[in-house]
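Heads up, the thing below is written out as structure tokens.
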Amino acid sequence: MESAATTNHMEIVYERPVTLTDTPMHYCPGCGHGVVHRVLMEVINEMGIQDRTVGVAPVGCSVFAYNYMNVDMQEAAHGRASAVATGIKRVLPEKYVYSYQGDGDLAAIGTGETIHTVNRGENILMIFINNAIYGMTGGQMAPTSILGQVTSTTPYGRKSDLNGFPLKITDLVTQLPGAYYVTRQSVHTAAAVRKLKKAIEASFKYQPLKKGTCFIEVVSNCPSGWKMTPIEANAWMEKNMFPLYPIGDLKVPKQN
Amino acid sequence: MEPTSQRVDSSTQAETRLMKGNEALAEAAIRSGMQAYFGYPITPQSEILEYFTAEAPKHNFVVLQAESELAAINMVYGAGGAGARVMTSSSSPGISLMQEGISYMASAEIPCLVVNVQRGGPGLGTIQPAQGDYFQATKGGGHGDYRLLVLAPASVQEMADFVFDGFRLADKYRTPVLILADGALGQMMEKVVLPPSGSLPFIDKPWATTGKPASRERNILTSLHMEPEKMEEINVKLQDKYRKMQQEVRYEVIGAENPEMVIVAFGLTARICLKAIELAKERGIKVALLRPITLYPFPYDAIARLTSTAYAFLTVEMNAGQMVEDVRLAVNGKRPVYFKGRMGGMIPSPEDVLLEIETIAEKQQTTTV
């Protein structure tokens, strides 16, 4: 039996960062959003920039991101997060500004804003959660849904002649001169989470340099929308999404 | 942000200039301490964006040509939410595109100034002046229960003055304010006395998202409230605000005392009607003009009071009859309310209006005889 004295000397090695509120998240079991939220907030806490950070929440499953992220936040209309972030960053150029969007928000209704925000090289971080489905509205086809994927609006599977092709928006924005750092990460293993954290850290360190947009795609899952267990969902993601959306850097700043 | 009122420039005194309405509005905005403008080109108001981009290097404000009106209004949302004195401008089709963002700002209580230099519609319409966006401007515009405070200039001078009023009222009520002009007011040149810079104070915006210090809770700007009880609460708060806004009602009455007939017209049309009233006077018909300066709040009481002397009301608009519905509400069946309108970018002439006045006067004589 441990003595009280021993317990008192136990070191706390893992706790909720002050940048995360003490609020139970509404995300489904196995969903990647909670992990991305946590990693993002850990970085803001560790860098000590909570008082200089403004976030923009999207419409979609992460619409309530501001309930969990303990930083000043604005809720944008569907697709407009990067335009809202542009407005914030232009009038507060010394603050850290990030947007957080899903695939429907960033790559369907907000495609115009996404492309032009990156093309202007807005000095913000854009976080893009790609889980190939509209989770919040009940599992409809997303612009990033893969061919053959069954969703509530592609009940016979996504067909290219009817629904077009999966939109590789991250590859698209990589081509734009305003993009400074573009990477595609995931959160399905501990190693993947560590890599994502490094990418977020790098993005916030780049932001004061005012060299352009940092863009992080997180290939994630949707156990509820895909109608799978979390383990099945991660396996499906690795098998079907990773070949189309390969993990790794797409554009890294040149070493000075 | 550094208040732009502290910038060094030569506009620290009032100044008289000959300017286009669009340019006078833009210059007034700079002098009002505007901190950011986001817009997209559209005729007949592109001079506003052009003026700002030309003047920007001399001043300390943000100007950005957005990729669309959708993006522009959402940039306004972001900048306004960050506490900046921010505006946008467009013309009718572009203002339609902005309605989503305006509804969100009304709900999230983000102050800003929106300028609509109207052109003829519906659809792509024409680039000629019109007043067809009255309903959109005064009854909400986007989805949900909200109103904008709407100012209707009738001269280049008011194009300038109402920028100051607009920013002041937007801050006072934490709401988007709309200036409803038209293509003629935007394009015509007149003498204008420009107010000095720095004369519009900045107020504290403790709600703004500027980064959360340890000393306060985080600021969240949102229009989403899933619990209907909470959403109703937000609506009740907005409606209380709109009731308070009624005290800002502005109008002017020009012309005959104890008039037998009252014309109600706003903006450019009001000026045309003034000429018609002069012509009517020569013909012995005593007509007065009531010009609403705020279209929301609308001067219902002022119009109602005139029913005691006037036997008829005539509303003149550059549309198919929009404000006339508010005039009828004010008159409340006590007197006949007539309407004369031109549409699609056509401007009524003083003679058109005089003809209406004479027809109404004749009808009155026939009835009384």
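Predicted, not measured: the structure shown is a model, and the values here were computed from it. To find a chain, count down the sequence lines: A is the first, B the second, and so on, and within it residues start at 1.
- Residues A:Asp51 and B:Pro213 approach most closely at CB-CA, 4.1 Å, considering heavy atoms.
- Contacts between B:Leu64 and chain A at a heavy-atom distance below 4.5 Å involve the side chain alone, from C-beta outward.
- Salt-bridge annotation for A:Asp72 and B:Arg216: present, with a side-chain N of the basic residue lying under 4.0 Å from a carboxylate O of the acidic one.
- Using a 4.5 Å heavy-atom threshold, the side chains of B:Lys212 and A:Asn70 count as touching.
- Atoms CD and CZ, on B:Gln35 and A:Arg90 in that order, are 15.5 Å from each other to the nearest 0.5 Å.
- With chain A as the partner, the residue from B:Ala108, B:Ala72, B:Ser68, B:Ala79 showing the most heavy-atom pairs under 4.5 Å is B:Ala79.
- Considering every non-hydrogen atom in both B:Ala82 and A:Val91, the closest pair reads CB-CG2, 3.8 Å.
- At a 4.5 Å heavy-atom cutoff, A:Ser82 makes no contact with chain B through either its backbone or its side chain.
- Note: A:Glu75 CD to B:Ser107 OG = 11.0 Å, rounded to the nearest 0.5 Å.
- Interface remark: A:Phe64 contributes side-chain atoms only to the contact with chain B (heavy atom separation under 4.5 Å).
- Here the side chains of A:Met69 and B:Arg218 are not in contact, with every heavy-atom distance at 4.5 Å or above.
- If you measure heavy-atom distances from B:Ala208 to chain A, the contacts under 4.5 Å come from the backbone alone.
- Note that the CD atom of A:Glu113 and the CG atom of B:Leu70 stand 6.0 Å from one another [nearest 0.5 Å].
- Summarising the local packing, NZ of B:Lys139 is surrounded by more than 12 heavy atoms from other residues, nucleotides or ligands at distances under 6.0 Å.
- In this structure, the side chain of A:Gln74 engages the main chain of B:Gly78 through a donor-acceptor pair within 3.5 Å.
- The side-chain contact (heavy atoms from CB on, under 4.5 Å) test with A:Tyr66 singles out one residue from B:Thr209, B:Ile220, B:Asn219, and that residue is B:Ile220.
- Residue B:Asp204 qualifies as open at atom CG: its count of foreign heavy atoms under 6.0 Å is 12 or below.
- Scanning all heavy atoms of the two residues, the minimum distance from A:Ala83 to B:Ala71 falls at CB-O, 3.8 Å.
- Annotation: the span from A:Thr86 atom OG1 to B:Tyr77 atom OH amounts to 14.5 Å, rounded to 0.5 Å.
- Within residues 31-50 of chain A, the residues having any heavy atom under 4.5 Å from a heavy atom of chain B are, by residue number, A:Gln50.
- Within the 4.5 Å cutoff, side-chain heavy atoms of B:Glu67 are placed close to those of A:Arg120.
- In this structure, chain A has no heavy atom under 4.5 Å from any part of B:Ser103.
- Of the listed residues (B:Gly80, B:Ala66, B:Ala214, B:Gly81), the one with the most heavy-atom contacts under 4.5 Å to chain A is B:Gly81.
- If you measure heavy-atom distances from A:Val71 to chain B, the contacts under 4.5 Å come from the backbone alone.
- Once rounded to the nearest 0.5 Å, the distance linking CD of A:Glu94 with OG1 of B:Thr210 reads 14.0 Å.
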